[in-house]
2 protein chains.
Amino acid sequence: MLSKKSKYAIKALISLAKRYENKVPVKISEISEEEKIPRKFLEAILVELRNNGLLHSKMGANGGYLLAKHPEEIVLSHIIRISGGPIAMLPCVSLNFYEPCEECVNESTCGLRDVILEVREATIRILSKTSLSDILQREEGLKKKFNLI
Amino acid sequence: MLSKKSKYAIKALISLAKRYENKVPVKISEISEEEKIPRKFLEAILVELRNNGLLHSKMGANGGYLLAKHPEEIVLSHIIRISGGPIAMLPCVSLNFYEPCEECVNESTCGLRDVILEVREATIRILSKTSLSDILQREEGLKKKFNLI
DNA sequence: AACTAATCCTACTAATTCAATAGAATAAAT
DNA sequence: ATTTATTCTATTGAATTAGTAGGATTAGTT
């Protein structure tokens, strides 16, 4: 399960991606209201995304946040890793949050691990090719599909 | 991330699958020691698996647990669901633990949900075709690969 | 019948992680 | 100066997960 933090991070970035062309900083409170994300929690999340190079910030009046890269260059796997969510279903197959199972006698011959490794690969394949732009495109597609446009 | 409970459940069932042919009940303490799973915790897990039809139990002296089905018929997705772990990365795409996102205006046009749906499908595809037998076969394969046999 | 070895059941507690909040410091625009 | 923002540090609350305790029940053995 994705943490709320990760979900909020993704939603906030999608919201910023929508206005990427404006090149005008967007305030925390604006995103918070639009996406219904608790103000102070979002604040912490955005700082973290900035520290990891996904956002630029501007302080003071008329300040706010901007994507640091083109929406095509920001992919889901990266966002999830920054916002603290391991992607793998077991620590022993995680690239970024690796930990051995205490009880495992021989990790390299563990059948369960082998399966979960496959799951991770399938998951990463999708998440690392899906950018903010892709998500926006999907939304357009879905709106058309449901005749909402 | 899989909970420890789920992981323990899977490991316990694999351990039972190895002795499936014996048709002799296996004691909790035996499994607990072999797999290094806390005794009392395992107890609760096995009862749940039994209540959900994956195990048969026999009380009293010489009692213990047996798989209720052939190891080929017990698949990972089922074990994980019983032991409480949702498989999907978001509640809004979960079949068995569905919950809408409070903040979502229109779920059916949510681009993020659409991607996560794809991830879930890829995951379930693997987990629901992998049985206890498959895992044992993988272990054999891995042992050969690493010349441990 | 008594004894022993096992699961079963109910309840509780501990530990960890997740989610959210408070409040003052700093920066920039007017 | 004043206002409008982000930034930083610290703390709290809530929920979930992990694990424990102890007695009731069942069945085999002598």
Side-chain angles (χ1 to χ4, degrees), chain A residues 1-12 16 24-33 35-52 54-66 68 80 82-86 89-91 94 97 99 101-103, chain B residues 1-12 16 24-33 35-52 54-68 80 82-86 89-91 97 99 101-103:
Chain A
M1 273 283 171
L2 231 47
S3 63
K4 286 204 175 184
K5 189 171 162 190
S6 284
K7 191 174 75 170
Y8 290 162
I10 297 168
K11 294 219 164 178
L16 286 168
V24 175
V26 183
K27 284 181 290 181
I28 294 176
S29 56
E30 224 172 295
I31 304 172
S32 152
E33 282 159 30
E35 305 292 331
K36 294 187 198 145
I37 302 171
R39 169 71 211 267
K40 275 292 196 176
F41 196 19
L42 180 59
E43 208 176 293
I45 292 167
L46 295 180
V47 166
E48 209 172 1
L49 292 172
R50 189 209 52 170
N51 290 340
N52 282 277
L54 293 194
L55 293 177
H56 284 148
S57 66
K58 198 186 165 212
M59 284 186 83
N62 304 327
Y65 286 94
L66 288 164
I80 293 172
I82 289 173
S83 54
M89 294 184 88
L90 287 176
S94 173
F97 299 87
E99 255 180 75
C101 299
E102 312 102 29
E103 74 272 13
Chain B
M1 274 282 172
L2 230 46
S3 63
K4 286 205 176 185
K5 188 172 163 189
S6 284
K7 192 175 74 168
Y8 291 162
I10 296 169
K11 295 216 164 181
L16 286 169
V24 175
V26 182
K27 283 181 289 180
I28 294 177
S29 56
E30 225 173 297
I31 305 172
S32 153
E33 281 160 30
E35 305 293 331
K36 293 185 201 150
I37 303 171
R39 167 72 210 266
K40 275 295 199 176
F41 196 17
L42 180 59
E43 207 177 296
I45 292 167
L46 294 181
V47 167
E48 208 172 2
L49 293 172
R50 188 209 54 169
N51 291 339
N52 282 277
L54 292 193
L55 293 177
H56 283 149
S57 67
K58 197 186 166 212
M59 284 186 84
N62 304 325
Y65 286 94
L66 287 164
L67 291 190
I80 293 171
I82 289 173
S83 54
M89 294 184 87
L90 286 176
F97 300 87
E99 255 181 75
C101 299
E102 311 102 31
E103 73 272 13

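Letters A, B, ... are given to chains in the order of the sequence lines, protein chains preceding strands, and every chain is numbered from 1.
- Using a 4.5 Å heavy-atom cutoff, the side chains of A:S83 and A:K7 are not in contact.
- For C:dA20, one of the phosphate oxygens OP1 or OP2 lies less than 4.0 angstrom from a side-chain nitrogen or oxygen of A:Y8.
- With a 4.5 Å cut-off on side-chain heavy atoms, A:I10 and A:I80 count as touching.
- For A:K58, the side-chain contact (heavy atoms from CB on, under 4.5 Å) partners two or more places apart in sequence, or in a different chain, are A:P25.
- Legend: residues meeting side-chain hydrogen bond (donor to acceptor under 3.5 Å, both in side chains) with A:K4, ordered by chain and number and at least two apart, are absent.
- Side-chain contact between A:Y65 and A:V47 is present, with heavy atoms from C-beta onward closer than 4.5 Å.
- Extent of DNA chain D lying under 4.0 Å from chain A heavy atoms, first and last nucleotide in 5' to 3' order, is D:dT4 to D:dC8.
- In this entry the distance linking CD of B:E103 with P of C:dA19 reads 12 Å, nearest Å.
- A 4.5 Å side-chain heavy-atom check between B:L55 and B:L67 finds at least one atom pair inside the cut-off.
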Next item on the list: Determine, for nucleotides 4-11 of chain C in 5'-to-3' order, which nucleotides have protein heavy atoms under 4.0 Å from the base (write B), from only the sugar-phosphate (write S), or from neither (write -).
Entry: -BBBBB--

Under 3.5 Å, sequence neighbours excluded: what are the donor-acceptor pairs made by side chains of residues 37-45 of chain B?
none

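- Looking at residues two or more places apart in sequence or on another chain, you find no side-chain hydrogen bond (donor to acceptor under 3.5 Å, both in side chains) involving B:E33.
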